[in-house]
S.K.: 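Okay, handing you the structure first.
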Amino acid sequence: MARNKSLRNTCERFVNDAFDLLDVPPEMRQMMRSPYREVRFELPLKRDDGTSSLFYGYRVQHNQSRGPFKGGLRYHPDVDLEHFIGLAEVMTWKTSLFDLPFGGAKGGINCNPRELSEIELETLTKQYVRRMLTLLGADRDIPAPDMGTGPKEMAWILDEFAHKGGFNPAVVTGKPCELGGAAGRLEATGFGVALMTAKAAIASGIEIEGATVAIQGMGNVGEYAARFLADRGARVVALTNSSCGLYKKTGLDVGNIFDEIHSGNNPKKTIDELTGDFDKISNEELLQLNVDILIPAAVSDVIHEDNVDKLQAKLIIEAANIPVSCSAVDILEERQIPIVPDILANSGGVTASYFEWVQNRQRCQWSRKKVMKKLEKRLDMVWNIVDTKASQEQLSYRQAAYAIALQRVVTATSFRGF
Ligand code: NAD
């Protein structure tokens with residue numbers, strides 16, 4: 001799939017820029033970029049109606065120099081191995097930037113979870129675990145939620161593991177709290193996006209209170225980013241999901257909108273079922289709004305060379321993974337529009353996942369207050385390190401973040417020997 005290939009190329013460009021800054025030798029560059037392991041396997045599923053379907057499971061384990069592989073599980077019909085190669089690599093740089101004792105991985109199944117029943121989803125998820133049993137584990141590779149998965153799937157993973165190797169909550173993160181999940185994990189990524197947005201706004205001379213914000217994506221990340229930004233006084237004027245979205249010039253009532261969406265429970269209410277004072281807006285219209293801050297929080301590669309010239313936002317926060325193509329990054333940099341890169345903006349989730357893993361290993365449960373306090377402290381620290389390096393060395397946030405992340409992995413690999 002061409003789009004999935006371009007995702008990998010975008011990542012390659014950012015990494016090569018950092019290699020040049022750090023003067024990394026060619027043999028080390030090759031080791032850093034090449035995934036450690038790429039797995040694809042068949043997942044046949046007997047459907048509720050007696051027919052059968054064939055799906056594919058994937059896991060790309062990119063780097064484990066600094067600790068066990070760590071990364072989400074994505075359920076989406078368009079995924080393939082190329083897709084996960086780029087995303088697994090991004091996870092390596094994220095865990096390193098936040099100094100978490102993990103490497104990077106990513107995987108999933110090429111299914112549309114909305115077209116599967118609860119029983120079918122559980123069967124498929126547990127089958128995925130059975131196929132991957134020897135490669136996953138608390139000290140090997142720890143999955144977490146990503147697009148199309150959440151606490152429910154993580155609980156099934158824990159259960160399947162428990163049948164084979166005994167109860168060990170540290171084999172997966174993003175679980176329900178009742179099974180050892182961290183309080184605050186659900187909202188952690190959106191919390192981090194909002195915090196990084198506020199920091200970057202100050203650095204760009206934008207007052208967050210009253211700032212206008214457009215968010216693409218109304219899933220886990222988009223919802224909590226919107227809620228936390230509204231709490232900070234920002235005006236969230238537009239929100240979209242895969243089909244269309246909502247717009248109100250004076251600011252949407254974010255809390256009410258998401259409460260109403262969830263009141264539909266399962267399935268959630270659609271945009272068309274929502275009532276309220278707002279206009280409808282398309283995804284392309286959202287990207288082109290004249291707002292202070294634009295937050296792509298849905299899928300990759302949504303800002304590219306064909307639409308970048310129409311963007312009017314003053315600041316871009318990459319809540320999704322790789323939402324801006326490298327050619328678009330170049331154009332935005334020329335226009336001096338700052339971009340907070342994904343590895344800095346959306347790492348609240350993996351940081352909270354680390355706190356969950358630590359609690360699981362110690363067989364203890366921290367309060368939400370403690371998790372959020374530790375999360376804020378870590379996010380604050382990493383923002384300051386990146387911001388300082390960027391301003392001292394005249395680098396973009398992306399160049400500074402990648403240079404810090406890569407240096408740690410290069411050093412760890414050198415110490416371990418290869
Ligand atoms: P989600 O499945 O909960 O929500 C995804 C949202 O994107 C939905 O509103 C969906 O309608 C919308 N969407 C899907 N395709 C779209 C399209 N083509 N155009 C516009 N909108 C579209 O997923 P999520 O967990 O919120 O993740 C969103 C992004 O954030 C992904 O790129 C994911 O990799 C990244 N991310 C998530 C986490 C996490 O903790 N959930 C952590 C780090 C990064």
Side-chain angles (χ1 to χ4, degrees), residues 3 7 11 70-79 83-84 86-88 90-91 93-95 97-98 100 104-108 111-114 143-154 173-175 181-182 184-193 196 214-227 238-246 257-258 261-262 267-271 281-287 294-304 307 317-324 340-354 356 375 379:
R3 199 167 144 269
L7 214 116
C11 191
K70 182 92 188 82
L73 272 192
R74 180 172 291 198
Y75 289 0
H76 192 283
D78 291 345
V79 297
H83 186 89
F84 290 123
L87 293 172
V90 170
M91 283 308 298
W93 313 132
K94 262 190 220 188
T95 54
L97 178 63
F98 279 71
L100 309 174
K106 204 82 163 190
C111 67
N112 182 348
R114 274 176 292 173
D146 192 73
M147 279 181 74
T149 62
K152 183 177 68 181
E153 289 74 14
M154 302 307 117
T173 61
K175 306 174 289 290
R185 171 62 185 89
L186 190 67
E187 60 268 40
T189 307
F191 175 81
V193 169
M196 293 298 177
I215 303 179
Q216 184 188 56
M218 297 171 72
N220 173 272
V221 181
E223 171 177 345
Y224 286 103
R227 284 184 186 268
L239 287 164
T240 51
N241 66 19
S242 54
S243 53
C244 65
L246 312 169
I257 288 169
F258 284 108
I261 288 174
H262 293 300
K268 294 178 191 170
K269 277 193 182 174
T270 64
I271 297 267
I281 189 173
S282 72
N283 264 300
E284 250 345 277
E285 285 169 332
L286 174 136
L287 295 174
L294 173 63
I295 306 184
V299 285
S300 302
D301 213 13
V302 289
I303 300 172
H304 41 74
N307 64 6
I317 312 291
E318 293 186 343
N321 287 313
I322 326 184
V324 186
V340 178
D342 46 11
I343 63 170
L344 179 59
N346 70 22
S347 295
V350 70
T351 306
S353 274
Y354 164 61
E356 181 173 331
L375 180 61
L379 293 164

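If you're wondering where the values come from, they're calculated on a predicted model, not measured in any experiment. Whatever order the structure lists ligands and atoms in, that order sets their numbers, starting from 1.
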S.K.: Do ligand 1 and Thr189 have nitrogen or oxygen atoms that lie under 3.5 Å from each other?
M.R.: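 Such a contact does occur with ligand 1.
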S.K.: Does ligand 1 have an atom that lies less than 4.0 angstrom from a heavy atom of Asn283?
M.R.: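 Yes.
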S.K.: Have a look at Ser242, Gly71, Ser353 and point out the one with the heavy atom closest to atom 12 (C) of ligand 1.
M.R.: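 Going through Ser242, Gly71, Ser353 one by one, Ser242 has the nearest heavy atom to atom 12 (C) of ligand 1.
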S.K.: Which of the numbered atoms in ligand 1 are under 4.0 angstrom from any heavy atom belonging to Gln216?
M.R.: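 Checking each atom against Gln216, I get 20 (C).
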S.K.: What protein heavy atom lies closest to atom 3 (O) of ligand 1? Include the residue and the distance to one decimal.
M.R.: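 Minimum-distance protein heavy atom for atom 3 (O) of ligand 1 reads Asn220 N, 3.0 Å.
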S.K.: Can you tell me how far apart CG (Asp146) and CG (Leu87) are? Round to the nearest 0.5 Å.
M.R.: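 It is 7.0 Å, given to the nearest 0.5 Å.
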S.K.: Suppose we screen for salt bridge (charged side-chain N to carboxylate O under 4.0 Å, His left out). Which residues come up paired with Glu318, at least two apart in sequence or across chains?
M.R.: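 Partners of Glu318 under the salt bridge (charged side-chain N to carboxylate O under 4.0 Å, His left out) test: Arg398.
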S.K.: Less than 4.0 Å is my threshold; does some heavy atom of Glu187 fall inside it relative to ligand 1?
M.R.: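 Distance cut 4.0 Å: Glu187 fails for ligand 1.
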S.K.: Can a non-hydrogen atom of Arg74 be found less than 4.0 Å from any atom of ligand 1?
M.R.: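 Yes, that is the case, since the closest heavy atom of the residue is under 4.0 Å from the ligand.
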S.K.: Within the distance-only criterion (no hydrogens, no angle test), does the side chain of Thr149 pair as donor or acceptor with the backbone N or O of Leu73 below 3.5 angstrom?
M.R.: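 Yes, the answer is positive, given that a donor and an acceptor are paired below the 3.5 Å cut-off.
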S.K.: Return the NE2 to CE distance between His76 and Met147, rounded to the nearest 0.5 Å.
M.R.: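 Those atoms lie 5.0 Å apart.
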S.K.: Heavy atoms only, cut-off 4.0 Å: how does Val221 contact ligand 1, side chain, backbone, both, or neither?
M.R.: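 Val221 to ligand 1: contacts from backbone and side chain alike.
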S.K.: Check Glu318 against ligand 1 and report side chain, backbone, both or neither, counting heavy atoms closer than 4.0 Å.
M.R.: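 None of Glu318 does.
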S.K.: As an exercise, identify every atom of ligand 1 less than 4.0 angstrom from a heavy atom of Asn321.
M.R.: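 Those qualifying, in numeric order: 32 (O), 33 (C), 34 (O), 35 (C), 44 (C).
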S.K.: Using a 3.5 Å cut-off on N or O atoms only, is Ala298 in polar contact with ligand 1?
M.R.: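 Among all N and O atoms of Ala298, at least one is under 3.5 Å from an N or O of ligand 1.
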S.K.: Polar-atom distance check: Lys94 versus ligand 1, any N or O pair below 3.5 Å?
M.R.: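 It does not: no N or O of Lys94 is found under 3.5 Å from an N or O of ligand 1.
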S.K.: Consider side chain to side chain contact (heavy atoms under 4.5 Å, CB included). Of Val221, Ile317, Thr240, Leu239, which one does Ile215 pass it with?
M.R.: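 That would be Leu239; it is the only one of Val221, Ile317, Thr240, Leu239 passing the side chain to side chain contact (heavy atoms under 4.5 Å, CB included) with Ile215.
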S.K.: Could you check atom 9 (O) of ligand 1 against the protein and tell me its nearest heavy-atom contact, residue, atom and distance included?
M.R.: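 Answer, as residue, atom name and distance: Met218 N, 2.9 Å.
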S.K.: Do you know the tightest heavy-atom contact between Ile295 and Val193?
M.R.: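 Taking Ile295 first and Val193 second, the nearest heavy atoms are CG2-CG1, 4.1 Å.
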S.K.: Apply side chain to side chain contact (heavy atoms under 4.5 Å, CB included) to residues Phe98 and Leu379 and explain how you reach the verdict.
M.R.: CA-CA 8 Å; Phe98 279 71; Leu379 293 164; 3.6 Å; yes
S.K.: What residue and atom, counting heavy atoms only, is the protein's closest point to atom 43 (C) of ligand 1, and at what distance?
M.R.: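 Here the nearest protein heavy atom works out to Asn346 O, 3.5 Å.
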S.K.: Apply side chain to side chain contact (heavy atoms under 4.5 Å, CB included) to Tyr354 and Val350, showing your working.
M.R.: CA-CA 6 Å; Tyr354 164 61; Val350 70; over 6 Å; no
S.K.: Got a second to check how far Asn241's CG is from Ile271's CD1, nearest 0.5 Å?
M.R.: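 Reported value, rounded in 0.5 Å steps: 4.5 Å.
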S.K.: I want to check something: taking the side chain as every heavy atom from C-beta on, are Asn220 and Pro145 in contact at a cut-off of under 4.5 Å?
M.R.: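 In short, these two side chains do not touch, never coming nearer than 4.5 Å.
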S.K.: For ligand 1 and Asp146, I'd like to know whether there is a polar contact (N/O to N/O, distance under 3.5 Å).
M.R.: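 There is such a contact, yes.
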S.K.: Give me the nearest non-hydrogen protein atom to atom 18 (N) of ligand 1 as residue plus atom name, then the distance to 0.1 Å.
M.R.: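 Atom 18 (N) of ligand 1 sits closest to the protein heavy atom Val299 CG2, 3.7 Å.
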S.K.: Below 4.0 angstrom from a heavy atom of Gly148, which ligand 1 atoms are there? Numbered from 1 as shown, please.
M.R.: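 Within the 4.0 Å cut-off of Gly148, ligand 1 contributes 2 (O).
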S.K.: Backbone, side chain, both or neither: what part of Arg185 comes under 4.0 angstrom of ligand 1, heavy atoms only?
M.R.: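 Under 4.0 Å from ligand 1, Arg185 contributes side-chain atoms alone.
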S.K.: May I ask which of Ala297, Ser300, Gly219, Ala320 has a heavy atom nearer to atom 28 (C) of ligand 1 than the others do?
M.R.: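 Considering heavy atoms of Ala297, Ser300, Gly219, Ala320, the nearest to atom 28 (C) of ligand 1 sits in Ala297.
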S.K.: Between Arg185, Lys70, Lys175, which is the residue that forms a salt bridge (Lys or Arg N to Asp or Glu O under 4.0 Å) with Glu356?
M.R.: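 Filter result, single survivor: Lys175.
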S.K.: Where is the nearest protein heavy atom to atom 23 (O) of ligand 1: which residue, which atom, and how far?
M.R.: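 Of the protein heavy atoms, Met147 CG, 3.3 Å lies nearest.
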S.K.: Apply side chain to side chain contact (heavy atoms under 4.5 Å, CB included) to Leu294 and Leu286, showing your working.
M.R.: CA-CA 9 Å; Leu294 173 63; Leu286 174 136; 3.9 Å; yes
S.K.: Just heavy atoms, cut-off under 4.0 Å: does Ser347 contact ligand 1 by side chain, backbone, both, or neither?
M.R.: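 Under 4.0 Å from ligand 1, Ser347 contributes no heavy atoms.
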S.K.: Compare every heavy atom of Leu186 with every heavy atom of Pro151, then report the nearest pair and how far apart it is.
M.R.: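 Answer, listing the atom of Pro151 first, then Leu186: CG-CD1, 4.3 Å.
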